[in-house]
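First the structure, in the form of structure tokens, and then the observations on it.
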2 protein chains.
Amino acid sequence: MADLSIDIVAKAAGVHRSTVSRAFSRPEAVKSETREHILRVAEGLGYTMSPLAQALRRKTSTFVPLIVPDITNPFFAELAKTMTQAADERGYQLLLCVTNGDPAKTDGYFTAMQAMYAPFGIVAPSTKVDTEALKRFDFGHKVVVIDRVEDDTSVPTVTVDSRRGIMLALDHLHSLGHTSIGYVSGIAGTHTAQDRMDAYLELSAEGNGTPLVLDSGSDPDAGARAAKHYLEMENPPTAIIAANDMVAFALISALGQSGIRVPEDVSVMGFDGLALGARFNPPLTTVRQPIADMGNIAIELAEKQNLNGSVDHVVLEPELLVRASTSGPRK
Amino acid sequence: MADLSIDIVAKAAGVHRSTVSRAFSRPEAVKSETREHILRVAEGLGYTMSPLAQALRRKTSTFVPLIVPDITNPFFAELAKTMTQAADERGYQLLLCVTNGDPAKTDGYFTAMQAMYAPFGIVAPSTKVDTEALKRFDFGHKVVVIDRVEDDTSVPTVTVDSRRGIMLALDHLHSLGHTSIGYVSGIAGTHTAQDRMDAYLELSAEGNGTPLVLDSGSDPDAGARAAKHYLEMENPPTAIIAANDMVAFALISALGQSGIRVPEDVSVMGFDGLALGARFNPPLTTVRQPIADMGNIAIELAEKQNLNGSVDHVVLEPELLVRASTSGPRK
DNA sequence: GCTAAGTATGAGATCGATTGCTGAGATCGG
DNA sequence: CCGATCTCAGCAATCGATCTCATACTTAGC
């Protein structure tokens with residue numbers, strides 16, 4: 001147990017330290033007989049290589065920062081979950097970095113990431129602010145962004161098709177018979193939030209409805225404010241699309257506190273497809289993002305970029321998830 | 001930007017590498033004049049020490065594993081949030097380790113933690129399984145557990161007083177006029193879950209009510225099963241305490257799907273005090289755990305243990321949080 | 001003015017790996 | 001049977017810090 005270094009193993013196996021090193025990291029360079037012997041000895045001793053020493057020498061570590069604004073938001077939590085798994089499988093360790101939306105923190109994490117030779121990092125989602133930070137660090141170290149990025153050229157990204165998602169939501173509501181469909185906006189400064197909103201505005205104008213934005217704020221209270229707004233309207237919409245599940249939760253909760261029932265009085269849809277939605281009251285109809293895929297793909301993109309410098313942009317398809325928060329409009 | 005080592009800075013400042021090292025990590029050992037000069041030069045170059053090299057030499061790093069079964073569970077997410085902050089402030093980096101309840105993973109994380117000279121780790125919450133893993137690694141590296149531990153002697157812990165929490169819940173419900181109060185159990189294998197259940201059983205017997213456990217399962221479906229059970233009862237309780245907020249959510253959701261309304265038909269309480277509860281429908285009455293404190297204290301305990309070997313056990317006070325999911329019993 | 005006790009810095013070994021270079025054997029064609 | 005080629009393993013420098021020891025320079029006391 002105590003202090004196993006490569007030299008100890010080398011001595012125990014009767015070879016030189018460099019041979020042990022090769023036995024592990026470049027197996028084809030060692031005669032298979034020798035290699036197996038070394039591996040057996042190492043195994044017996046319970047030896048594992050020091051990731052620290054390795055990283056120092058190789059100038060590339062296995063620490064992958066996951067930079068998110070708020071891990072408390074279930075979307076990021078679900079992302080973190082799938083990412084830890086994907087990371088584990090490939091021998092990375094995920095560093096949890098929570099910015100709280102503070103650009104200074106993002107900067108700090110980028111600096112730290114360089115200092116510890118991170119092979120790459122994952123940022124989700126990028127606000128305009130993050131995009132700028134990205135530029136400031138002309139990265140030798142690579143980043144993958146789980147979101148759209150203004151200037152799409154330099155950074156790999158993975159996103160879900162916002163427009164398609166909104167279309168799915170609108171279609172679902174239309175097919176239920178709704179014609180007056182409101183919208184509540186989501187997280188601050190995010191490209192995604194912007195895209196969803198734009199899509200709503202466009203599509204709902206096309207479908208010759210009148211766009212009806214109940215709240216375009218970006219804080220956690222958007223839901224509550226939207227509810228207030230709803231109550232004050234003479235002709236409230238019969239259905240509301242929330243920019244994300246969390247806002248939908250808050251909205252339904254606030255509505256409920258004023259005696260408005262979902263879906264009896266008004267239908268509400270979310271956007272994200274959080275697991276939590278299935279246990280909400282009522283279970284939330286929503287547009288599902290394939291979060292697990294996003295995590296895996298992000299890491300793949302990063303590795304690909306490291307390998308051959310390719311910068312890909314993957315756009316995933318959202319999916320309608322009908323549960324119980326939507327129904328036909330009230331007569 | 002490029003490859004700043006301590007030697008570069010040393011050369012630039014016209015001193016030896018060891019002096020630069022001291023200027024940073026043992027300021028009092030360097031003449032203040034020299035030190036300031038060095039610091040200025042370093043600053044100008046944009047130099048930061050390599051945590052990797054430092055850790056390798058010092059045999060102690062700043063990587064702190066946070067080992068949780070499921071980051072998707074908002075309780076752990078909130079914990080992770082406060083812990084990243086606490087960690088950041090003290091110069092640690094949090095490594096997110098998700099076990100999914102798999103003991104093999106826990107073992108793996110412990111091994112990794114030794115390999116990378118983690119000064120300590122945080123485990124939450126410990127199941128019996130984790131406790132055993134802890135023993136297996138007779139830790140030179142220290143661990144703090146956010147939960148109770150069987151054999152309390154060797155590992156620092158921070159917990160919330162389960163009995164007191166259940167008492168708070170029971171008192172609240174009694175004061176509302178409830179006499180028939182059911183219970184739904186929580187997460188598998190956890191000491192905390194066990195403690196809460198025991199407390200409920202004892203206290204509710206003492207208050208000469210009849211304990212009424214709707215479900216003692218431990219999976220995410222406990223809530224749904226409890227609801228089913230509730231519906232089948234001839235004399236269902238007028239109030240239900242859930243072992244944790246997530247179960248309460250699921251319970252209320254399932255109940256709602258069968259037309260049972262909370263709190264009109266039955267009062268439901270949670271236990272945790274998740275931020276999410278405030279935006280549930282209805283907003284959840286619950287027993288709040290001071291999660292932020294738990295995170296900070298955990299790190300403090302770890303540091304204290306590292307310093308002087310002290311093994312403390314902190315028990316925090318829970319707090320009643322009345323929102324809208326409880327009311328007087330239906331006539 | 002000279003020795004004793006500090007102070008402040010430099011030298012160099014070390015932490016645990018990787019890797020280019022070198023040389024010893026093995027293999028092979030003619 | 002000999003030189004050419006190929007394998008395989010050892011040597012030693014290196015990554016970026018830390019830390020013990022030794023040394024040069026102050027400062028103090030008498």
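Below, chain A is the first sequence line, B the second, and so on; all start at residue 1. Here the structure is a predicted model, which is why all the values come from computation and not from measurement.
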5'-most by nearest nucleotide on DNA chain D - A:A29 or A:R17: A:A29
Treating A:S25 as the side-chain partner and A:R22 as the backbone partner, does any N or O pair qualify as donor plus acceptor under 3.5 Å? no
Give a yes or no answer on whether the side chain of A:T190 reaches the backbone of A:T192 with a donor-acceptor pair at less than 3.5 Å. no
Nucleotide C:dT14, atom C1' - distance to CG of A:D7 in whole Å: 11 Å
Whole-Å gap separating P (C:dT7) and CZ (B:R35): 15 Å
Enumerate the residues from residues 18-25 of chain A whose closest heavy atom to DNA chain C is under 4.0 Å, giving them by residue number; use none for an empty result. A:S18, A:S21, A:R22, A:S25
Counting only side-chain nitrogens and oxygens, does B:Y117 get under 4.0 Å of the OP1 or OP2 atom of D:dA17? no
Any idea which of C:dT19, C:dG16, D:dG10 is nearest the A:H16 side chain? D:dG10
Check: B:F120 ring centroid to B:F63 ring centroid under 6.0 Å: no
On a heavy-atom basis, which atom in A:F76 and which in A:P125 lie closest, and how many Å separate them? CZ-CD, 3.3 Å
Given atom NZ of B:K11 and atom P of D:dA17, what is their separation to the nearest angstrom? 13 Å
Considering just the side-chain nitrogens and oxygens of B:K59, establish if one lies under 4.0 Å of OP1 or OP2 belonging to C:dG16. yes
Roughly how many Å is it from CG in B:L52 to P in C:dT18, rounded to a whole number? 13 Å
Give the nucleotide from the list D:dG16, C:dA17, D:dA12 with an atom nearest to the side chain of B:S50. D:dG16
I'd like to know if the side chain of A:R17 reaches the main chain of A:D7, judged simply by a donor and an acceptor atom lying under 3.5 Å from each other, with no hydrogens or angles considered. no
Side-chain donor or acceptor of A:S61 paired with backbone N/O of A:M116 under 3.5 Å: yes
Please state how far atom CD1 in B:I6 lies from atom P in C:dT14, giving the value in whole angstrom units. 19 Å
For A:R26, which contact category applies under a 4.0 Å heavy-atom criterion: base, sugar-phosphate, or nothing? nothing
Distance check: side-chain N/O of B:R57 vs OP1/OP2 of C:dT14, anything under 4.0 Å? no
Looking only at the side chains, is there a donor atom on one of B:Q93 and A:Y109 sitting less than 3.5 Å from an acceptor on the other? no
Whole angstrom is fine here: how far is it from CD in A:E28 over to P in D:dA9? 13 Å
Rounded off to whole Å, could you give me the CD1-to-C1' distance for the B:I8 and D:dG16 pair? 11 Å
Under 4.0 angstrom between B:Q54 side-chain N/O and D:dG16 OP1 or OP2: no
Separation of D:dC8 P from A:I38 CD1 (nearest whole Å): 13 Å
Side chain of B:K31 - closest among C:dA8, C:dG16, D:dA17: C:dA8
